[in-house]
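What follows is a set of notes on a single structure, which appears directly below.
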Amino acid sequence: MSSESRSFPMQSHFVRPSLDFMKTHGELLAALLSGVLVLTAWLLSSSISESVFVFLHLAAFVIGGFAKAKEGIEDTIHEKELNVELLMILAAIGSAAIGYWTEGAILIFIFALSGALETYTLNKSQKEISSLMDLQPEVALKLTEDGYEEVSVTDLSVYDHILIKPGERIPADGTIIKGSSAINESTITGESIPASKSIGKEVFAGTVNLNGSLTVEVTKKSKDTLFQKIILMVQSAQSEKSPSQLFIERFESTYVKIVLGVVAVMLFLPHFLFGWSWMDTIYRAMILLVVASPCALVASIMPATLSAISNGARHGLLFKGGVHLENLAHLNAIAFDKTGTLTNGTPEVTDALYKEEDNKEAVLSIAASIEQESNHPIAQAIVRYASHQGVPLNSVEHMQDISGNGVKAFHEGNEWKVGKPEFVGKEEAYLFQNGIAETLAKQGKTVIFVKKNNEIAAVFAMKDTVREDTKEAIEELKKQGVYTIMLTGDNSATAEAIASEAGVDHYIAELLPEKKVDEIKKLKAHFTQVAMVGDGINDAPALATANVGVAMGGGTDVALETSDVVLIKNDLSRISQARRLSSRMNRIVKQNVVFSIAIIMLLIISNFLQVIDLPLGVVGHEGSTILVILNGLRLLK
């Protein structure tokens with residue numbers, strides 16, 4: 001094989017990543033290069049020829065303005081409406097036409113940079129869809145007359161029978177017709193404790209079969225599964241435009257038409273009406289085109305927003321855009337997921353009761369020794385509890401994991417069982433310690449029994465514990481007049497216990513993802529601004545539906561990508577801090593907007609009265625821009 005033929009695959013290998021990089025970041029790089037060219041021309045203005053000076057600015061115009069000019073022209077043709085992109089390009093060209101190359105190029109640079117950042121944000125928002133798709137299996141083991149056949153999930157039909165092995169992700173919604181197992185449904189319900197499923201129970205695509213072999217009858221085609229509905233809900237919610245965005249889009253065309261109309265009139269009317277010379281008339285029209293450009297308004301918002309975002313990042317708050325930071329100050333209600341948000345997300349032993357107190361260390365030691373061989377979250381909770389108590393572990397024999405019920409093993413000739421009441425003997429279990437199990441269950445706790453031969457030896461109660469900072473954070477939000485509600489897929493007893501301990505105003509339990517979305521929509525109907533705080537895949541649709549989605553930093557990739565705000569350190573108290581920062585930013589932005597509009601109006605009036613020339617107009621316009629930028633930078637502190 002020749003060296004030429006060997007080199008081709010290598011070129012392809014390196015070219016494709018570079019093309020992907022340019023496709024993703026090309027607009028941002030063009031904007032930055034435009035800024036570098038403008039800065040270079042300004043620094044070298046005294047030592048380069050006029051032709052080189054003009055060439056550098058022309059290059060900055062073309063490189064920085066191409067993407068926005070193309071977008072403006074295409075949108076104008078497609079929607080048959082003028083837009084701000086065209087106005088900015090015309091203002092920059094007008095500035096250059098009367099000799100102010102630097103001002104025109106700076107205008108192009110600022111607008112190109114804002115457009116590039118917007119494009120980058122839109123590209124990032126698509127990542128959660130890819131993350132979701134990665135969690136759904138592409139193939140399934142279908143039962144046929146000749147055994148099992150591996151088929152594409154998209155080829156499955158309703159009533160097909162499929163095999164799901166232990167540890168595998170379930171490929172389709174269906175009903176169990178053979179076997180039993182513990183199913184990790186955190187992707188759907190957010191609940192950290194796996195659900196025990198047996199014949200007749202429903203299972204969902206994207207959840208994980210932990211320890212038992214299952215045969216499932218498919219009840220929905222791949223496009224109709226609950227998991228696919230989650231993906232569609234995220235996409236739908238992200239495509240919805242905020243009222244502010246819709247207002248800007250309606251205002252944009254009107255603003256451009258007014259400015260261009262006035263400039264067009266200024267090109268002719270003053271000559272005939274006031275007797276201005278043609279040179280003065282065109283000169284004043286160009287000044288108007290420059291001073292009426294929204295450069296100062298853009299600068300009123302972006303530096304303040306970026307400063308606030310930087311401030312938040314230093315304090316454990318990641319904002320994905322200024323609009324989300326702005327909305328935080330106006331929040332009237334906040335909905336919280338339970339598991340992993342208000343709570344730590346892992347079950348912990350809260351109560352341990354023994355038949356014989358003087359023998360509790362031995363019972364705990366054997367129970368933990370049996371459970372250490374299981375990867376079930378409840379088993380791990382008992383092992384951690386024994387470790388915290390300083391109890392040593394023993395060796396056990398003939399350990400068996402009875403799917404969906406518990407485990408059993410032998411120690412020194414005695415049979416030990418650890419598991420649900422039905423596994424150890426329901427009647428005996430509920431009579432133990434005068435029926436303490438029922439009391440513990442009403443407190444929202446999961447109850448596990450230990451049985452030695454024919455007698456109940458102990459009962460362990462566990463639950464997902466509330467975070468240390470949760471109560472303080474909820475209390476602070478309630479002081480600020482924010483309504484708090486917990487939305488969870490967990491059962492009512494557990495939800496009531498956690499809601500009471502956390503101090504939220506209300507709770508709603510046993511919610512699947514689409515029901516969480518419904519509840520968020522109900523809240524939005526009653527409150528102006530609603531936030532959702534969550535950490536799991538099942539929270540993604542609700543995070544996307546809320547006015548502001550807030551994700552815990554330790555949450556799933558899907559939650560992090562779908563959200564608008566991320567609590568990097570999982571600290572709920574940062575929400576109150578974020579609202580204070582939002583209020584401060586909104587106040588500064590209002591100051592900047594009022595000031596910049598006042599300056600623009602003053603410059604426009606002064607231009608009509610012929611009391612300013614172009615240099616003074618540029619100084620006033622650019623000076624006001626600098627002042628609002630400096631005011632916005634105060635948010636860095």
Side-chain angles (χ1 to χ4, degrees), residues 21-22 25-70 84-85 87-120 283 286-287 289-307 309-310 592 595-596 599-600 603 612-637:
F21 179 84
M22 288 303 299
H25 304 287
E27 193 175 346
L28 178 61
L29 291 175
L32 294 177
L33 180 56
S34 172
V36 170
L37 289 171
V38 175
L39 181 62
T40 302
W42 179 71
L43 292 174
L44 301 178
S45 58
S46 60
S47 59
I48 58 177
S49 65
E50 184 177 353
S51 60
V52 174
F53 180 81
V54 171
F55 173 77
L56 288 173
H57 283 93
L58 281 173
F61 269 61
V62 174
I63 294 173
F66 177 77
K68 300 306 291 184
K70 180 183 177 184
V84 170
E85 281 83 0
L87 179 61
M88 296 293 281
I89 297 299
L90 290 174
I93 293 174
S95 179
I98 56 176
Y100 286 86
W101 291 93
T102 301
E103 286 74 11
I106 289 175
L107 197 61
I108 288 288
F109 165 67
I110 292 175
F111 206 52
L113 182 61
S114 64
L117 293 175
E118 181 182 355
T119 300
Y120 177 75
Y283 181 72
M286 289 301 99
I287 294 176
L289 191 59
V290 171
V291 299
S293 69
C295 182
L297 285 175
V298 172
S300 297
I301 300 171
M302 183 180 291
T305 301
L306 294 178
S307 298
I309 289 173
S310 298
N592 287 347
F595 175 74
S596 61
I599 292 298
I600 289 174
L603 291 173
I612 62 168
D613 55 14
L614 184 58
L616 186 58
V618 171
V619 169
H621 186 263
E622 301 301 328
S624 64
T625 302
I626 293 173
L627 286 176
V628 297
I629 289 174
L630 292 176
N631 191 38
L633 292 178
R634 292 193 297 123
L635 286 164
L636 286 172
K637 295 182 180 180

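This structure is a prediction, so every number in the text was calculated from the model and none was measured. Scope of the values below: all heavy atoms of this structure, side chains included, with no hydrogens, waters or symmetry mates. One is the number of the first residue; the rest follow in order along the sequence.
In terms of heavy atoms, Leu32 sits closest to Phe109 at CA-CE1, 4.4 Å. Nearest heavy atom pair, residue Phe53 against residue Ser45, reads CE1-CB, 3.9 Å. Heavy-atom minimum distance, Gly64 versus Ser34: CA-CB, 3.6 Å.
The CZ atom of Phe55 sits 15.0 Å away from atom CD of Glu50, with the distance rounded to the nearest 0.5 Å.
Tested against Ile63 for a side chain to side chain contact (heavy atoms under 4.5 Å, CB included), the candidates Leu58, Ile108, Leu37 yield a single pass: Leu37. The side chain to side chain contact (heavy atoms under 4.5 Å, CB included) with Thr40 is formed by just one residue from the set Val38, Leu44, Leu43; it is Leu44.
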Start with the C-alpha distance between Phe595 and Asn631, add both sets of side-chain angles, then the distance that settles side chain to side chain contact (heavy atoms under 4.5 Å, CB included), and finish with yes or no. CA-CA 11 Å; Phe595 175 74; Asn631 191 38; over 6 Å; no
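With ring centers used as reference points, His57 lies 6.0 Å or more from Phe61.
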